[in-house]
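Just below is one structure, and these are the notes that go with it.
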Amino acid sequence: MSITIKTAPEIDAMRRACRLASEVLDYIAPHIQPGITTLEIDRLGAECMARQGTRSATIGYQPPGYPAYPASLCTSVNHVVCHGIPNDKPLKKGDIVNVDVTVITDDGWYGDSSRMYLIGDCSIAAKRLCALTYEAMWLGILQVKPGARLGDIGHAIQKFAESHGLSVVREFCGHGIGQKFHEEPQVLHYGRPGTLEELKPGMIFTIEPMLNAGKRDIKELGNDGWTIITKDRSLSAQWEHTVLVTPTGYEVLTLSAGYPALPHFVQATAT
């Protein structure tokens, strides 16, 4: 399967889809407090999408070999790496949760983003993991420009993560996105610089590193077919942006008014 280069009208459609996805995360943010359940977060997300006129890409999503995903969002708490299914267990002070949203617009375009949320006062280790994962994602984004390689993104993330004693989950990766949820290319969060596909203007893909405080090994939790946890039960964090390759560098399509402040090393270089 080849990598789709988006046209100017298609890029505008993706800007809209990604903005709407980010606005769902903005909407739920003030509600994510101790005592809320991930089911309630999911309900709030679905409510926001209905008001926007978008719909969830995850509810009923069923790739080969998987059961249909049952919720509008993915909510991954503490040692859950990804694809956490919302449930009725209240979040408590000290928890961390990743909320991952993918919307489909009325004209069929997908917008995809995820953020970490800290529940009350968290441990230094939890805050550090979330902050470093955020920085790792941005270091990957900074590699995006025409002529660079996908391996440059993965290498930047891996080098930074491992220099801080964190491990990179390898079984899941970023992906191209457009009028399909998952397109080419696959965007690995580890690798060697100067390898893999060359980046060209008009490419759109996600960068979404999952970093563990302990070892990188993961496993499936129970038999729901979706929930992935760290094998050693260490904390895991993830951030996700959808990024466009521009003629001069990159454009992050999933930034929004409520998005966390950019890292200090990005503010002077973001394009």
Side-chain angles (χ1 to χ4, degrees), residues 1 3-4 6 10-29 41-42 44-46 48-49 52-63 66 69 71-76 81-86 97-117 133-134 136-138 140-141 144 150 153 157 169 171-189 199 202-210 226 228 237-245 250-256 258-260:
M1 189 184 298
I3 299 172
T4 303
K6 271 67 174 181
E10 291 171 337
I11 290 168
D12 283 340
M14 282 298 293
R15 285 191 180 105
R16 175 172 175 260
C18 289
R19 174 179 57 80
L20 291 168
S22 296
E23 288 177 359
V24 175
L25 294 173
D26 287 354
Y27 176 75
I28 65 176
I41 294 170
D42 189 70
L44 289 165
C48 183
M49 289 181 227
Q52 292 175 337
T54 64
R55 57 191 173 91
S56 168
T58 56
I59 194 163
Y61 180 62
Q62 189 173 14
Y66 285 78
Y69 189 79
S72 298
L73 306 172
C74 295
T75 53
S76 302
V81 175
C82 61
H83 303 159
I85 297 173
V97 58
N98 174 272
V99 180
D100 193 341
V101 59
T102 307
V103 304
I104 310 173
T105 61
D106 50 5
D107 52 353
W109 293 89
Y110 287 69
D112 192 3
S113 187
S114 84
R115 297 181 198 169
M116 294 302 300
Y117 298 88
T133 305
Y134 184 59
M137 174 189 67
W138 276 103
I141 291 170
V144 175
L150 284 173
I153 298 171
I157 292 169
V169 172
E171 290 82 356
F172 297 94
C173 60
H175 53 89
I177 187 168
Q179 287 188 298
K180 295 180 180 177
F181 196 165
H182 297 97
E183 301 178 351
E184 291 297 320
Q186 292 192 334
V187 182
L188 305 180
H189 303 116
L199 304 187
M203 287 183 178
I204 297 178
F205 48 78
T206 69
I207 297 176
E208 47 181 302
M210 304 172 196
W226 283 102
I228 301 297
Q238 180 191 22
W239 293 82
E240 177 183 14
H241 265 318
T242 298
V243 182
L244 163 70
V245 184
Y250 67 88
E251 179 184 340
V252 178
L253 303 180
T254 39
L255 285 174
S256 62
Y259 199 79

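Excluded from the calculations below are hydrogen atoms, water molecules and symmetry mates; all remaining heavy atoms, backbone and side chain alike, are included. Not measured: the values here are computed from a predicted model.
- The minimum heavy-atom distance between Phe205 and Val245, with the atom names listed, is CE2-CG2, 3.8 Å.
- A donor-acceptor pair is defined here as one N or O able to donate and one able to accept, closer than 3.5 Å; such a pair exists between the side chain of Tyr134 and the backbone of Pro260.
- Between Tyr259 and His241, the side chains place a donor N or O and an acceptor N or O closer than 3.5 Å (distance only, hydrogens not considered).
- Contact between Met49 and Val24 at its shortest, heavy atoms only, is CG-CG2, 3.9 Å.
- Residue Thr75 comes nearest to Ile85 through the heavy atom pair OG1-C, 3.9 Å, listed as atom of the first residue, atom of the second, then distance.
- Here the straight-line distance linking atom CD of Gln179 with atom CD1 of Ile104 works out to 11.0 Å at 0.5 Å rounding.
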Criterion side chain to side chain contact (heavy atoms under 4.5 Å, CB included) on Tyr69 and Gln62, from CA distance to verdict: CA-CA 6 Å; Tyr69 189 79; Gln62 189 173 14; over 6 Å; no
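- In the model, Tyr61 has a side-chain atom that pairs as donor or acceptor with a side-chain atom of His182 under 3.5 Å.
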From CA spacing to verdict: side chain to side chain contact (heavy atoms under 4.5 Å, CB included), Val144, Ile207: CA-CA 10 Å; Val144 175; Ile207 297 176; 4.0 Å; yes
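- In this structure, the salt bridge (charged side-chain N to carboxylate O under 4.0 Å, His left out) partners of Arg15, at least two apart in sequence or on a different chain, are Asp12, Glu251.
- Listed by chain and residue number, His31 satisfy the ring-ring contact (aromatic ring centres under 6.0 Å, His included) test with Tyr27 (two or more places apart in sequence, or in another chain).
- In this structure, OG1 on Thr58 lies 9.5 Å from CG on Asp112, to the nearest 0.5 angstrom.
- A search for side-chain hydrogen bond (donor to acceptor under 3.5 Å, both in side chains) contacts involving Glu10 returns Thr7, not counting sequence neighbours.
- Taking 4.0 Å as the cut-off between side-chain N and carboxylate O, Arg19 and Asp26 do not count as a salt-bridged pair.
- Here the options are Gln186, His189, Glu208, His83, the test is side chain to side chain contact (heavy atoms under 4.5 Å, CB included), and the partner is Phe172; only His83 passes.
- From Leu25, atom CG reaches atom CG of Leu20 across 11.5 Å, with rounding to the nearest 0.5 Å.
- Here the SG atom belonging to Cys82 is positioned 6.5 Å from the CD atom belonging to Gln238, to the nearest 0.5 angstrom.
- Between Phe181 and Tyr110, the angle of the ring planes stays under 30°, which puts this pair in the parallel group of the 30/60° scheme.
- The heavy-atom pair separating Ile157 from Ala136 by the smallest distance is CG1-O, 3.2 Å.
- Note that CD1 of Ile11 and SG of Cys18 are 11.5 Å apart. Values are rounded to the nearest 0.5 Å.
- Of all non-hydrogen atoms in Ser72 and Ser56, the two that sit nearest each other are O-OG, 2.9 Å.
- At a threshold of 4.5 Å between non-hydrogen side-chain atoms, the residues Tyr117 and Ile28 count as touching.
- In this structure, CG on Asp106 lies 4.5 Å from CZ on Arg16, to the nearest 0.5 angstrom.
- When all heavy atoms of Gly111 and Ala21 are compared, the closest pair comes out as O-CB, 3.5 Å.
- Exactly one residue among Thr206, Asn98, Asp100 makes a side-chain hydrogen bond (donor to acceptor under 3.5 Å, both in side chains) with Ser114. That residue is Asn98.
- Listed for the Thr254 side chain is a donor-acceptor partner under 3.5 Å among the backbone atoms of Thr242.
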Side chain to side chain contact (heavy atoms under 4.5 Å, CB included) assessment of Leu199 paired with Tyr250: CA-CA 10 Å; Leu199 304 187; Tyr250 67 88; over 6 Å; no
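- Using a distance-only test at 3.5 Å, with no hydrogens or angles considered, a donor-acceptor pair links the side chain of Ser76 to the main chain of Gly84.
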